[in-house]
Amino acid sequence: MSARDDILARVRSALAGAPRDHLPIDRAYRHATAPVDVVDRFVERVADYRADVRRVDEADLPAALAEALAGATTVVPAGFPWPVEHGVADAGLTDADLDRLDAVVTTATVGIAETGTIVLDHGPGQGRRALTLVPDRHICVIRRDQIVPDVPDAIAALDPSRPQTWISGPSATSDIELQRVEGVHGPRVLSVLLVSPHGGRVQPMRVEDQPSRLSQ
Amino acid sequence: MTATFLGMPPFPEAARAALADTQLRRNLAAATSTIRAKRAAVVGEVPHWEQLRVAGAAIKDEVLLHLDAYLMQLEAALEANGATVHWARDAAEANAIVADLAAAHGLDEIVKVKSMATQEIGLNEALAARGIAAWETDLAELIVQLGDDLPSHILVPAIHRNRAEIREIFARSMAAAGRPAPDDLTDDLTALAGAARLHLREKFLRARMAVSGANFAVAETGSLVVVESEGNGRMCLTLPEVLVSVVGIEKIVPTFADLDVFLQLLPRSSTGERMNPYTSIWSGATPGDGPQEVHVVLLDNGRTRALADEVGRQALRCIRCSACLNVCPVYERAGGHAYGSVYPGPIGAILTPLLRGVGADEQTDSLPYASSLCGACYEVCPVRIDIPAVLVDLRAQVVDAHRGQRPPKPEALAMRAAAHTLSSGQRLDRAERLTGLAGRLLERFGRVRLPGGRRGVRRLPGPGARWTSARDLPAPPCESFRSWFRREESG
């Protein structure tokens, strides 16, 4: 008997006397987060992780990028919409090459206000996963309309077939005496530029208002 | 190479030794009280926390009660994504699969993300026996590995070490494993983290195969999820060519949408954060991005035995957050090593006997008794595992497993004597006349009064001395109720 058949047989025999109906699961938790200004909450929560977060008008973004990067050699993924000084395209870069570069810029797919999280799905503008991992600084540009209230809203907006990296602050560990210290293997500096297309207020988005998948 | 938990003494013996270690107790008390406070703060921010717990428990029960169907669905989805699925009945099979994969690629080293499942199966030792070095990359696991030590906590395996000890371990052992620690290394936390970063970076950049576990495996989409803080997970999951993930069969969740519960429950329960720094989700191989050869090893290793236990089955809901460890008064004082297995604390006290079975070895049988049944663990468990109920049920199983053993244990004899006395009115009456005499003697000659005024006994002779070493015995009443009633009624 193959291991597969053996394990499945053991599972079935273990469940021989068990109830086989599918009980309904209460999903009220998906609508339980109190409504707040998602942008303000996002900024507050991202800053809480000691990531640098700045609100920028779209017109000022290239200048803000230049200031944030300040002469660093920067990987620029294909599809990143704004110009970057000293930018290096990801054309055949090895991991050792990435280790020698100072920074990476990306866009994002969705931001979670309640937890201060940015999610990348490594599509256009975000690059393959190694790009946001090896260089020591990550500058992430996220639009106000990409921010959702809480985790269930983000899950509803994401495509599970894409690889995803959920980022909440720079890398950290609490392994020594349970004291949090930043900067282990991922980028030790995370800078978030929050872009307002028109400088107007954004209503907090609820799950029902979400399109099934946020696009770039 | 690394120490294992084989041959550890039963819990009472191991705990007694640990209790004498004041450095350990100091480290543990500081660490667990810190993390309890953090957890309480972030859970307090979520008014609907109980709804999340109920949903988490319900989703896990749904999977466990239909595990065969979900396993097949997961396998199909993984294969559709280009992953190769392997099945391992036990540790030996799982280790062989991983070792064979490394050997097939001609590798003598691999990098590892922290994984309880790989610890459970003793993967590092098995690979070492095949001449393959397995480098731990999680900071705490690195500390344990370099210190030739054993992990003492699910989430923070080096919680029993303070910064001075860690500095010592790095200074002494990093050079033998790769890049040495800097000569002027201090015990400042940032310096220690920096030393780990440099030491491990060269391993990440040259690794060709990584082994991980997974926090969750989504049956619907064939996606695996790794929740971490440091970035070593991302390093292992995306830089090498080959990725092998060892996943316990109970780690399944039905749909991608179900992650919306667990990605809330896990960070707040484990590290006391709103969200951990990095969560990686991947569905097989992605062309041009990350490992192109992806393997998943589905591990049984006793989980089907636990699944068959109607009361104990709920232990398989565990998402390995370690909230129960941090709140347990026994764990806080005895530490993780005293539990003598990969899973310490309250969850370990139930999971280890469920995975291994009771009645076979003394150490495993001692684990359900490593508890005061205070129930704090049940209150904090994000998936509502009723740990006290399972502990009590396992104690009954341990007793049943030894029923009729020769020679009988003193406890068994005492229970038999009690049953004999209590099963006959006449015998009970005779016994009560004796205890009544003892009560009257204590009233007359006894010197000890317990709080409340009643006479008592602080120490019993013989085997009773062990029982009274932590308890006072109140004096028995001077006459039984029945004899009092007979006297009063007739008078």
Side-chain angles (χ1 to χ4, degrees), chain A residues 2-4 6-8 10-15 17-20 22-23 25-30 32-34 45 49 95-96 99 112 114-117 122 128-130 133 151-152 155-156 160-161 163-179 181 183-186, chain B residues 30-31 34-35 48 51-52 54-55 58-59 62 65 67-68 71 87-89 93 139-140 156 158 162-163 166 189-190 192-193 196-197 200 205 221 223 229-232 234-235 238-239 256-257 259-260 263-264 271 274-283 286 288-290 300 304 307-308:
Chain A
S2 71
R4 176 188 191 275
D6 200 355
I7 291 173
L8 288 171
R10 288 188 211 174
V11 169
R12 288 174 186 131
S13 122
L15 296 171
R20 289 306 243 168
H22 298 265
L23 296 170
I25 292 165
D26 189 346
R27 303 285 184 177
Y29 65 83
R30 288 180 174 161
T33 307
R45 294 283 155 99
Y49 294 128
D95 297 334
D99 200 31
I112 308 175
E114 196 63 26
T115 60
T117 301
H122 304 285
R128 61 191 168 95
R129 291 171 284 171
L133 174 61
V151 174
I155 290 277
S161 69
Q164 295 167 29
T165 307
W166 293 41
I167 298 170
S168 309
S171 93
T173 180
S174 303
D175 273 341
I176 303 175
E177 300 179 359
L178 282 173
Q179 306 286 335
V181 55
V184 199
H185 305 294
Chain B
T34 304
I35 206 168
H48 53 284
Q51 289 180 37
L52 289 172
V54 168
I59 294 169
E62 158 67 22
L65 293 173
L67 190 58
D68 49 337
L71 279 166
W87 299 70
R89 280 170 281 215
E93 280 189 358
L139 178 60
V156 202
N162 63 26
R163 64 185 75 185
I166 292 166
L189 297 186
T190 308
L192 292 172
R197 181 184 172 93
L200 287 171
L205 294 178
T221 58
S223 311
S229 297
E230 297 160 30
N232 61 304
R234 293 176 64 191
M235 289 285 184
T238 56
L239 297 188
F256 186 73
L259 289 175
D260 69 8
L263 291 179
Q264 296 189 70
T271 49
R274 296 187 185 108
M275 187 62 74
N276 52 292
Y278 301 129
T279 297
S280 300
I281 305 179
W282 74 101
S283 307
T286 304
D289 182 348
D300 179 353
T304 44
L307 189 64

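Just so we're clear, the structure is a prediction, and the values are computed from it rather than from any experiment. We name chains A, B, ... by the order of the sequence lines, and we start the count at 1 in each one.
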| said: For the interface with chain A, which of B/Thr304, B/Ile281, B/Thr286, B/Leu52 has the highest count of heavy-atom pairs at distances below 4.5 Å? | reply: B/Ile281
| task | Could you check if a side-chain atom of A/Val11 sits within less than 4.5 angstrom of a side-chain atom of B/Leu71, using non-hydrogen atoms only? | result | yes
| Heavy-atom proximity to chain B below 4.5 Å, by part of A/Arg27 | side chain
| said: For B/Thr190, which atoms come within 4.5 Å of any heavy atom of chain A: side chain, backbone, both, or neither? | reply: both
| Is there a side-chain contact between B/Trp87 and A/Asp6, using heavy atoms and a 4.5 Å cut-off? | no
| request: For the pair A/Glu114 and B/Arg274, find out whether any cationic side-chain nitrogen is under 4.0 Å from an anionic carboxylate oxygen. | output: no
| Close side-chain approach of B/Tyr278 and A/Leu133, heavy atoms under 4.5 Å | no
| query | Given the options A/Arg10, A/Arg129, A/Arg128, which has more heavy-atom pairs under 4.5 Å with chain B than any of the others? | reply | A/Arg129
| message | Any heavy-atom pair between the side chains of A/Ile112 and A/Trp166 that's under 4.5 Å? | response | yes
| message | Is A/Leu23 in contact with chain B via its backbone, its side chain, both, or neither, using a 4.5 Å heavy-atom distance? | response | backbone
| Contact leader toward chain A among B/Glu93, B/Glu62, B/His48, B/Arg234, where contacts are heavy-atom pairs under 4.5 Å | B/Arg234
| message | Is B/Ser229 close to chain A through its backbone or its side chain, or both, or neither, when contacts mean heavy atoms under 4.5 Å? | response | both
| said: Tell me which of these, A/Val151, A/Ile7, A/Ile25, A/Leu8, has more heavy-atom pairs under 4.5 Å with chain B than the rest. | reply: A/Ile7
| field | Heavy-atom proximity to chain A below 4.5 Å, by part of B/Leu67 | value | both
| task | State, with a plain yes or no, whether a side-chain heavy atom of B/Val54 is found less than 4.5 Å away from one of A/Asp26. | result | no
| When rounded to the nearest 0.5 angstrom, what distance separates OH in A/Tyr49 from OG1 in A/Thr117? | 5.0 Å
| query | Using non-hydrogen atoms only, which part of A/Ser2 is less than 4.5 Å away from chain B: side chain, backbone, both, or neither? | reply | backbone
| note | Counting heavy-atom pairs under 4.5 angstrom with chain B, the leader among A/Thr165, A/Leu15, A/Asp95 is A/Leu15
| Heavy-atom distance under 4.5 Å between the side chains of B/Trp282 and B/Thr238, does that happen here? | no
